[in-house]
Amino acid sequence: MNSEKLDKGYEPNEVEKRWYGYWEAEGLFEAADVSTKQPFSIVIPPPNVTGVLHMGHAHNNTLQDILCRYRRMQGYNVLWMPGTDHAGIATQNVVEKELAKEGKNRHELGRKEFIKQVWQWRKEYGGLIINQLKRLGASCDWGRERFTMDEGLSRAVRTVFVKLYEDGLIYRGNYIINWCPRCLTALSDLEVEHEDHNGHLYYIKYPFEKGKGGVVVATTRPETMLGDTAVAVNPDDERYDIEEGTTVMLPLMNRKIPIIFDKYVDTRFGTGALKITPAHDPNDFEIGKEHNLDVVKVIGSDGRMNENAGPFQGQDRFVCREKIIEALKVEGLLERVEPYQHSVGHCYRCRTTVEPYLSKQWFVKVKPLADEAIAAVKRGDTRIVPDMWTKTYFDWMNNIRDWCISRQIWWGHRIPAWACEDCGELIVAMDSPAQCHGCGGSTLSQEPDVLDTWFSSALWPFSTMGWPDDADALKTFYPTSVLVTGFDILFFWVARMMMMGLHFMKDVPFRDVYIHALVRDADGKKMSKSKGNVIDPIYVIDKFGTDAFRFTLAAFAAQGRDIKLSEDRIEGYRHFINKLWNASRFSLMHLEDFRCAGSFSHYSKDLSVADRWIFSRLNSVAENVLRALDEYKFNEAAGALYQFVWHEFCDWYLEIVKPVLYDEKPSGRGESGSGQASGVSPHEAALFTLWSTLNQALRLLHPFIPFVTEEIWDKLPGVEGSIMKAQFPVTSSDYRDPEAEDTMDLIMGITSGIRNVRGEMNVPPALFVGGVVQCPDEGVRETLGEHREMIMSLAKLDDLEIAPPGKRPASSATSVYGDNTIFVSLKDIIDFTAEQERLNKEIAKIDKELKGISKKLGNEAFLAKAPPEVVDGVRAKEERFVEKKNKLEKHLAVVKGLGAG
RNA sequence: AGGCACGUAGCUCAGGGGGAGAGCGCUACCUUGACACGGUAGAGGUCCGGGGUUCAAAUCCCCGCGUGCCUACCA
């Protein structure tokens with residue numbers, strides 16, 4: 001395989017399939033339940049089993065994979081626990097839609113048969129997203145894949161439910177909850193999405209039972225008036241000088257209802273009189289309880305008006321609203337209508353307007369659990385990154401309300417509670433009880449409701465690892481190292497996992513929570529199917545390759561800022577992958593016969609300055625990558641690698657070694673010449689450097705772009721096995737070489753100076769010209785002398801003279817680098833006017849800088865109060881600029897003279 | 001109504017008290033034996049506005065303006 005030539009362009013598709021299959025077959029993703037290695041664990045945020053991979057998943061899982069591959073290469077025992085979520089409402093909706101196509105509904109099928117069909121559906125389509133994650137390169141331990149409805153996880157759910165019930169943290173009762181009239185189930189507060197809605201405020205007159213006049217109330221929902229059982233005013237409101245016991249007539253219903261007094265009523269809103277509908281508004285419900293008001297339900301579970309709605313029975317709630325308005329107009333009781341913007345809750349699954357609905361539901365008493373979860377973060381047991389989310393977490397936890405966990409659907413974990421039909425006793429137990437422990441009766445019926453899907457997700461960090469059994473995996477991997485997730489499920493999931501983890505495991509579920517941003521479209525809009533602006537990750541992978549896609553996501557993953565993604569950006573990073581590919585292709589061509597004869601120290605004495613420089617740079621990149629990944633700064637790590645590979649390794653190093661590699665007799669270089677002793681030739685030293693740099697760069701890059709790095713690694717001589725098993729590079733003081741960096745800075749600076757003149761003076765790239773560098777410093781002259789040929793090759797010179805400052809060469813253009821003046825000889829091709837313009841422009845730039853500097857140095861306070869090193873720095877800078885300006889001006893004079901003559 | 005972000009080159013953004021940066025785009029030149037998915041060079045900025053702290057502010061503080069998002073039972 002090694003001797004194969006690489007193609008000119010990188011073709012990802014075949015490569016990706018091949019290597020993913022290999023990794024899986026070799027078991028490289030597998031974690032060990034028992035190991036001497038240090039553990040590192042992540043549980044995947046389980047995607048909905050009905051889900052299709054979208055950008056959010058792609059981003060989220062790319063980051064997790066980067067961390068897992070990174071830690072694995074560092075020698076950790078890595079567990080990335082995969083799985084899917086049964087997504088109760090969503091999945092039930094999907095299967096019901098399937099049934100509807102056949103003209104059936106679930107009630108015809110019956111509960112048992114319906115559940116069977118859902119499982120069947122899951123078997124057929126549920127694996128889709130898992131395969132898509134594989135295309136992304138996700139290195140999950142697939143053998144451990146879990147599903148929230150698995151037997152083990154279901155047992156965990158029942159265990160938790162029973163325990164919380166016994167602890168008094170689960171209760172059942174009649175309350176106003178959020179009801180979706182389409183899904184026909186209760187929803188938790190979080191499952192309701194509020195949206196601003198342009199509605200109306202209707203002012204309705206409720207006439208006094210006795211006498212003239214009446215009270216005008218304002219409402220946005222006139223249809224609920226049919227269930228009004230009182231009108232409330234603030235006792236301090238002087239406008240309502242009304243006796244206790246006064247009653248008004250409820251319009252359209254001809255029902256007497258009392259006027260009550262309650263401080264809750266805001267005197268500044270509307271008319272200061274509030275209609276009270278205890279059955280259809282949570283506040284009214286509370287007020288109703290306090291004042292012992294009747295509760296009249298007028299809207300049914302399907303969103304239609306019920307038998308209590310009199311003539312409006314059977315109408316849809318929104319139709320009824322219109323009808324009521326009409327009827328009130330007829331009666332002359334509609335005082336006025338104002339446009340009014342208010343927020344309206346919608347079902348997060350189907351967008352139907354949610355109805356506050358009185359019903360008997362199960363709740364978790366969250367406060368005690370939340371207090372623990374708050375304390376844990378305060379103690380630092382769990383760290384939220386970036387920190388700004390910590391405040392959001394506290395705010396929500398501090399204001400948390402009880403969690404409605406019962407759902408009136410069939411697909412999910414059925415609540416483990418039974419009612420005795422003989423005595424009404426409620427029994428909560430792990431398994432179906434044989435008889436009632438109240439009366440001994442045996443006619444028990446199980447609670448029909450199932451639990452909120454998030455109830456089972458909340459257990460995910462330990463239920464997936466074998467809890468409630470005393471599993472090895474649990475001992476090794478709990479608490480998990482980090483949770484990587486989007487802020488959109490901070491409350492839904494993260495907060496609840498914290499509460500459950502602390503209560504049942506007596507420890508937090510994760511040490512770190514890394515909250516990443518959202519992926520948006522190129523204009524910053526949220527991607528959504530209805531907007532039609534989604535980019536399908538699989539389409540992107542097919543078009544640009546997984547590595548390009550992953551690198552893009554990582555490169556844009558700056559903390560706290562959303563990612564605006566467009567195909568153009570991914571294409572840009574495909575170019576990077578291709579660049580790496582071609583640099584490797586070049587390197588491998590030369591490395592075909594290379595056999596590494598020892599470690600760095602074997603070669604170190606014989607390395608050229610460029611060799612030493614690239615090692616030093618590599619070391620600094622490794623430092624940056626390690627630090628950045630430890631801090632979840634994926635964009636910084638990706639940026640450092642991009643910069644290194646493209647602009648240091650490719651742009652400079654490869655160009656510098658080309659002559660060394662192509663020259664069959666490289667002895668002519670005469671550089672860094674102490675290396676006779678070990679007999680390593682400059683050519684060999686360069687090969688070693690090339691090999692070692694590429695080798696380490698690949699390893700640094702692998703977590704980000706696993707496929708292309710594995711493919712190149714496979715062709716790299718002198719390495720064994722998968723790059724996944726290679727060690728992640730460590731930093732080494734052996735590589736650090738400030739001297740080589742200084743020298744290379746000088747060489748690159750001079751080279752750029754020459755290139756700059758060439759470019760600006762339109763010297764054809766193919767034309768070799770002569771150059772002169774005048775340096776006052778003898779050491780610099782010596783250094784440049786040693787590397788004369790390197791500069792000539794990089795700057796396309798046919799001659800390079802290095803001399804002390806002296807006579808200025810005629811017919812040349814100039815540039816200044818540090819103390820050194822560069823002349824590019826342009827015999828016959830110099831355009832004196834152009835050169836004058838160029839110099840003037842350059843001088844103008846310097847003048848601008850000098851202006852700022854002299855202002856600073858003219859400031860007494862600055863001289864007196866700024867730290868001396870800062871002042872010295874500014875002085876030195878001034879000197880440098882003045883010097884540079886002088887040099888340019890001198891040359892300008894010469895050019896002017898020549899141009900004139 | 002409260003809270004949190006963000007506003008830096010044409011676009012997307014990094015940076016975060018003492019020299020304004022990157023990628024893409026743009027302009028000019030170049031089929032050099034890894035790569036035109038490339039190379040070299042270049043143009044381009046009141047760092048949203050206004051105050052304050054400081055010797056020094058794009059950077060810290062305050063006030064605006066603008067843009068996103070989240071939370072909330074005022075009908």
Side-chain angles (χ1 to χ4, degrees), chain A residues 6 8-10 176 189 194 201-202 217-221 224 232 264-266 268-271 273-277 281-286 340 342-343 345 356 386 388-389 391-392 395-396 399 401 487-488 490-491 517-518 520 522 524-526 544 548 555-556 558 560-566 568-569 571-590 635-636 639 642-643 646-647 650-651 654-655 658 662 752 755-766 795-796 849 852-853 856 859-867 869-871 873-874 877:
Chain A
L6 271 64
K8 196 170 168 183
Y10 174 62
I176 298 248
D189 295 341
H194 292 273
L201 198 54
Y202 302 91
V217 301
T219 180
T220 55
R221 303 197 57 201
T224 61
Y264 167 81
V265 181
D266 184 346
R268 287 162 308 184
F269 191 91
T271 60
L274 174 62
K275 65 192 260 327
I276 303 294
T277 325
D281 181 283
N283 301 309
D284 293 6
F285 179 75
E286 291 303 321
Y340 185 70
H342 61 129
S343 94
M388 66 183 214
W389 293 107
K391 193 170 148 47
T392 308
D395 282 353
W396 189 72
N399 297 307
R401 295 189 307 162
F487 58 81
D488 47 335
L490 180 62
F491 308 141
L518 244 51
R520 298 169 175 282
K525 291 198 202 76
K526 213 167 172 173
F544 301 105
F556 281 109
R561 195 188 285 255
D562 287 347
I563 298 176
K564 291 186 195 170
L565 196 70
S566 72
D568 290 350
R569 276 161 218 161
E571 192 179 359
Y573 285 99
R574 183 182 61 175
H575 297 174
F576 173 68
I577 304 297
N578 196 247
K579 187 75 178 175
L580 173 69
W581 177 258
N582 275 291
S584 305
R585 193 162 83 104
F586 170 81
S587 305
L588 292 172
M589 266 166 47
H590 293 280
N635 61 318
E636 289 184 11
Y642 184 98
Q643 158 71 21
W646 202 310
H647 298 302
C650 291
D651 287 353
L654 291 186
E655 293 309 319
K658 269 179 189 173
Y662 283 119
S752 296
R755 285 173 172 174
N756 174 302
V757 170
R758 292 184 60 120
E760 294 257 290
M761 296 304 286
N762 290 314
V763 178
K796 290 258 168 76
E849 293 282 346
I853 290 170
K856 235 178 198 179
N859 183 349
E860 288 297 327
F862 171 71
L863 298 176
K865 293 193 180 175
E869 63 270 22
V870 171
V871 177
V874 174
K877 198 162 80 181

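Proteins get letters first, then strands, A, B, ... in listed order; numbering begins at 1 in each. Note that the coordinates shown come from a computational prediction; the quantities given were computed from them, not determined experimentally. Only this structure's heavy atoms are used, side chains among them; waters, hydrogens and symmetry mates stay out.
Using the six-membered ring where Trp is involved, A/F576 and A/W646 have ring planes that are parallel, under 30° apart on the 30 and 60° scheme. The aromatic rings of A/W389 and A/F487 sit parallel to each other, their planes meeting at less than 30°, with 60° as the upper class boundary.
For A/D651, there are no salt bridge (charged side-chain N to carboxylate O under 4.0 Å, His left out) partners at least two apart in sequence or on another chain. Contacts of A/H342 classified as side-chain contact (heavy atoms from CB on, under 4.5 Å), with partners at least two apart in sequence or in another chain: A/H197, A/T220, A/Y340, A/V344. Residues satisfying the salt bridge (charged side-chain N to carboxylate O under 4.0 Å, His left out) test with A/K658, not counting sequence neighbours, are A/E655. Residues satisfying the side-chain contact (heavy atoms from CB on, under 4.5 Å) criterion with A/Q643, sequence neighbours excluded, are A/H647, A/E648. Partners of A/R221 according to the salt bridge (charged side-chain N to carboxylate O under 4.0 Å, His left out) rule, which considers only residues two or more places apart in sequence or in another chain, are A/E223, A/E355. A/D395 is linked by a salt bridge (charged side-chain N to carboxylate O under 4.0 Å, His left out) to nothing, counting only residues two or more places apart in sequence or in another chain. Under the side-chain contact (heavy atoms from CB on, under 4.5 Å) criterion, A/V265 pairs with A/A232, A/N234, A/L274, sequence neighbours left out.
For the pair A/L565 CG and B/G23 C1', the interatomic distance rounds to 14 Å; values are reported in whole Å. Rounded to an integer number of Å, the gap from A/Y642 OH to B/C13 P is 17 Å. Between A/L588 atom CG and B/C35 atom P there is a gap of 14 Å when expressed in whole angstrom units. Across the protein-nucleic acid pair, A/R569 atom CZ and B/G25 atom P stand 12 Å apart, rounded to whole Å. Between the CG atom of A/N859 and the C1' atom of B/U54 there is a distance of 11 Å, rounded to whole Å. Rounded to whole Å, the distance from CZ on A/F586 to C1' on B/G33 is 10 Å. For the pair A/N635 CG and B/G15 C1', the interatomic distance rounds to 11 Å; values are reported in whole Å. In this structure, A/I563 places its CD1 atom 12 Å from C1' of B/C13, rounding to the nearest Å.
For the C1' atom pair drawn from B/A57 and B/U32, the interatomic distance equals 48 Å after rounding to whole Å. Rounded to whole Å, the separation between the C1' atoms of B/A43 and B/G3 comes to 44 Å. Taking atom P on both B/A58 and B/U53, the two are 15 Å apart, rounded to the nearest angstrom. For the P atoms, the distance from B/G42 to B/C24 is 16 Å, rounded to whole Å. Across B/G18 and B/A56, the matching P atoms stand 14 Å from one another, rounded to whole Å. The P atoms of B/G68 and B/U12 are separated by 14 Å, rounded to the nearest whole Å. Spacing of C1' atoms, B/G23 relative to B/G19, comes out at 23 Å, to the nearest Å. Between B/G44 and B/C11, the distance separating the two C1' atoms is 13 Å to the nearest Å.
The residue A/P867 sits close to a base: some heavy atom pair falls under 4.0 Å. Using a 4.0 Å heavy-atom distance criterion, A/Q643 is classed as making no nucleic acid contact. Within the nucleic acid shown, A/H647 comes within 4.0 Å of sugar-phosphate atoms alone, with no base atom in reach, counting heavy atoms only.
Nearest-nucleotide positions on RNA chain B for A/K564 and A/A766 put A/K564 closer to the 5' end.
Applying the Watson-Crick and G-U wobble criteria (two distances, each under 3.5 Å), B/U12 pairs with B/A22. Across all strands shown, B/A41 forms a Watson-Crick or G-U wobble pair with B/U27, both key distances being under 3.5 Å. For B/U59, there is no paired nucleotide, since no Watson-Crick or G-U wobble pair has both relevant distances below 3.5 Å. Across all strands shown, nothing is found opposite B/C74 as a Watson-Crick or G-U wobble partner with both distances under 3.5 Å. Base pairing analysis places B/C47 opposite nothing; no Watson-Crick or G-U wobble pair with both distances below 3.5 Å involves it. In this structure B/A5 sits in a base pair with B/U67, meeting the Watson-Crick or G-U test at under 3.5 Å.
Using a distance-only test at 3.5 Å, with no hydrogens or angles considered, no donor-acceptor pair links the side chain of A/R401 to the main chain of A/D189.
Rounding to the nearest 0.5 Å gives a distance of 3.5 Å between CZ of A/F586 and NE2 of A/H590.
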Checklist entry - What does nucleotides 69-75 of chain B look like as a protein-contact string, B for base, S for sugar-phosphate only, - for none, at under 4.0 angstrom between heavy atoms? => result S-S-BBB
Item to check | Heavy-atom protein contacts under 4.0 Å, nucleotides 36-42 of chain B, coded B base, S sugar-phosphate only, - none | outcome: SBSSSSS
